[in-house]
Structure formats: C-alpha cells, structure tokens
Amino acid sequence: MRISDNPIAAKLKDLGVELRAAVPLTGKTSLGIGGTTDELLLRRYETIPDVIRLLADAGIPHKFLGGGTNVLVADGELPWVILHLPSAHPGVRIEGNIAHVDASADLGGMVTFCAKNNLGGMEGLIGVPGSVGGALRMNAGAYGTQIGSYVREVELYRASSGQIETVRGRDIRFDYRHTSFAPDDVMLRVKLELPSKPYAEILAGIKICNEKRRSSQPLNQKSAGCIFKNPQGGSAGRMIDELGLKGHRSGGAMVSDRHANFFVNAGGATCVDMLRLIDDVRERVRGAYGVVLENEVIVWKN
Ligand code: EPU
C-alpha cells in the first residue's frame with residue numbers, strides 16, 4: 001500500500017512520523033519472507049493514538065511490526081502499511097530490582113544489560129530473537145523461563161479504547177505462548193522485577209542455554225523459531241521428526257534438518273511455499289497422531 005501521495009502523508013510528518021516508501025519486508029523478517037508496503041516509523045510513543053486515528057479516518061489499514069522474528073508475512077503488494085517503533089539502545093533503565101524496558105528494545109540485549117547490573121532470572125531467554133514487546137505479547141519462553149513471570153506492569157496502546165494505558169502484571173494472564181493481551185494491543189514499555197544475582201553466575205547460566213540452543217536449533221538459517229506450539233504433554237518437533245520429515249520441502253520452504261519444528265527459508269521461499277509446508281506437515285501429524293498442531297508463528301495473510 002502506498003500512502004506518500006495521500007494527503008495524510010503531510011499530517012503524519014507533522015506528528016514526527018517518518019514515512020519510508022515501498023519497503024520489502026523480506027528484509028524485516030527473520031524468515032526473509034514478505035511483500036512490499038510503506039512503513040511508518042514512530043519515534044515517539046505518545047503520537048500513536050493520533051497516528052492510528054489519522055489512518056483510521058483515511059481508511060488505511062495498518063499492522064505493527066516488532067522484531068519480525070515470529071511472523072510469516074504474505075507475498076506481493078501488501079494491503080496495509082507497517083508501523084514500527086525504532087529500537088532504542090539499550091532501551092533499559094535499572095532502579096533497584098526493577099528494569100524499565102522499552103518494548104522496542106532487543107530481548108537478548110535487555111537480558112545482557114540486566115545481567116551486567118546483577119539482575120538475573122531470564123538466562124533462558126538469551127538466544128530468543130526479537131523485541132521485548134514481541135516476547136511479552138507471546139509470553140516467549142525457553143529453558144524453563146517465561147518472560148511473563150517477571151512482569152510487574154505494562155504500558156500499552158489499547159486499540160479498543162484508542163488510549164495509552166497501564167496494566168498491572170497481576171491483571172495479565174500469561175500462559176504457554178499466550179497472553180490475555182488483545183491481538184491489537186501494542187506493547188510500549190514494561191517494568192520487570194528481577195532477582196538479584198551476581199553477573200558471573202548469570203553468565204554461566206547464559207552460556208549453558210546458548211550451548212543447548214546451538215546444538216539443537218538451526219541458528220544460522222532463516223526461520224521464525226518453532227512453527228507450531230507444542231501440544232499438551234507432547235513435542236511437535238519430535239512428532240515431525242519421527243515422521244521422517246526433516247528436509248521435507250515445499251518450494252524454498254524446508255523442515256530444518258536440525259530441529260523439525262523449525263521451518264527454514266532454504267532460498268527464495270515465498271509465503272505460499274511456507275503455508276503449503278505448514279499445512280502439509282500439520283495434515284501428516286494429524287493423520288499419524290490424531291493431533292492438530294496449532295501455529296506458533298503469527299501469519300499475516302493478504
Ligand atoms: N526432538 C526431536 N527431534 C527434533 C526436535 C526435537 O526428537 O527435530 C525432541 C528432543 O530431542 C526433545 C524434545 O523433542 O526430547 C523437545 O525438543 P526441544 O528440547 O528442542 O524443545 P522443543 O519443545 O522442541 C521448546 C520451545 C523452543 C525453545 C526450546 C527450549 C516450543 C514450541 N518450542 O522447543 O522455543 O527454544 O523448547 O526451551 O515451545 C520458539 O518458541 O520458537 C522456540 C524455538
């Protein structure tokens with residue numbers, strides 16, 4: 001979608017929004033898949049309600065793109081613009097055991113920054129790619145750690161009210177890869193309460209998680225992490241592996257030969273390739289195990 005010729009472009013500029021025309025989302029997603037659209041960079045959170053109102057009045061659909069590490073985006077010309085909050089480095093301020101974190105901060109960078117300030121607990125999250133906001137929304141987790149356990153407060157843009165609101169951690173439900181946030185809530189800032197731990201101890205934990213991850217996941221291939229959620233009491237990766245599907249392909253999309261729940265872009269994969277592979281594998285698992293795997297990856301169809 002192109003909006004540079006739309007009268008809205010000047011109004012957005014007045015709000016300090018930077019418009020980048022015709023951005024290929026192949027370069028903005030960890031899968032390297034996605035069509036083209038205009039991107040709006042929102043440098044100040046406070047402008048979000050006004051920006052969204054302007055877009056809505058002009059009938060321009062939008063989506064917020066965070067780190068782009070858990071999303072599968074449609075191919076071709078996209079019928080919505082992308083909004084993006086540029087990341088601040090490190091985007092973290094420490095006050096005692098509380099870390100005040102921008103949602104646009106890099107998750108791994110945030111974990112490391114807190115570690116250097118002797119705040120631990122999140123060692124398992126170190127290799128999870130993406131932004132803090134994306135991790136929050138999905139309640140990202142690995143190696144026994146889930147980000148939701150540490151959340152004391154979240155500041156968010158609530159699309160249903162058109163306002164920026166503050167929600168207490170105890171009023172948010174954090175389940176396995178799921179939260180009570182509405183799909184169109186936009187994470188802005190979070191307060192995390194973290195246990196004190198000496199840096200050296202945290203570093204040792206981080207090292208162990210990094211090694212486990214390196215030995216089992218295809219870290220240097222383009223992927224969105226695990227494609228499916230694990231079914232209750234089971235492992236999607238193990239089931240797909242048992243069916244001999246490692247290396248199974250649809251066009252440029254391939255089941256990783258390292259971890260069967262990672263589907264990688266093995267070269268020139270399109271969204272259509274990836275969706276075909278997802279459906280094909282889901283169907284085979286259903287046939288063999290009677291289990292319908294649920295997507296973990298978020299799909300943005302046209
Ligand atoms: N397994 C296989 N073959 C495979 C992959 C796994 O047999 O190809 C077996 C493993 O040997 C193990 C079991 O399946 O016995 C579970 O595998 P693993 O320890 O790799 O964990 P997972 O359940 O596949 C989950 C998360 C990962 C997270 C790891 C480590 C989900 C869907 N995945 O994977 O998160 O990194 O645990 O904690 O919950 C993600 O969310 O994108 C993600 C990668």
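Quantities reported herein were computed from a predicted structural model and do not represent experimental measurements. Along the sequence shown, residues carry numbers from 1. Just follow the structure's listing: the first ligand is 1, and inside any ligand the first atom is 1.
- Closest heavy-atom approach to atom 42 (O) of ligand 1 within the set G141, C226, G144, A135: this belongs to C226.
- Between D38 and R2, at least one side-chain nitrogen of the basic residue sits less than 4.0 Å from a carboxylate oxygen of the acidic one, meeting the salt-bridge criterion.
- Distances from atom 23 (O) of ligand 1 to the heavy atoms of V255, N230, V128 put N230 nearest.
- Counting only heavy atoms, the protein never gets under 4.0 Å from atom 19 (O) of ligand 1.
- Looking at D241, L245, T145 and measuring to atom 7 (O) of ligand 1, the nearest heavy atom belongs to D241.
- Distances from atom 16 (C) of ligand 1 to the protein include at least one heavy-atom value under 4.0 Å.
- With atom 39 (O) of ligand 1 as the reference point, the heavy atom nearest to it among Y143, Y176, F262 is part of Y176.
- Here the shortest heavy-atom distance to atom 9 (C) of ligand 1, taken over R238, R213, Q217, belongs to R238.
- Nearest non-hydrogen protein atom to atom 40 (C) of ligand 1 is E296 OE2, 3.2 Å.
- Remark: atom 11 (O) of ligand 1 lies closer than 4.0 Å to no protein heavy atom.
- Aromatic pair F228/F263: centroids less than 6.0 angstrom apart.
- Residue contacts with ligand 1 include R177, since one or more of its heavy atoms lies under 4.0 Å from the ligand.
- Applying the salt bridge (Lys or Arg N to Asp or Glu O under 4.0 Å) test to D279 and every residue at least two apart in sequence or in another chain returns R282.
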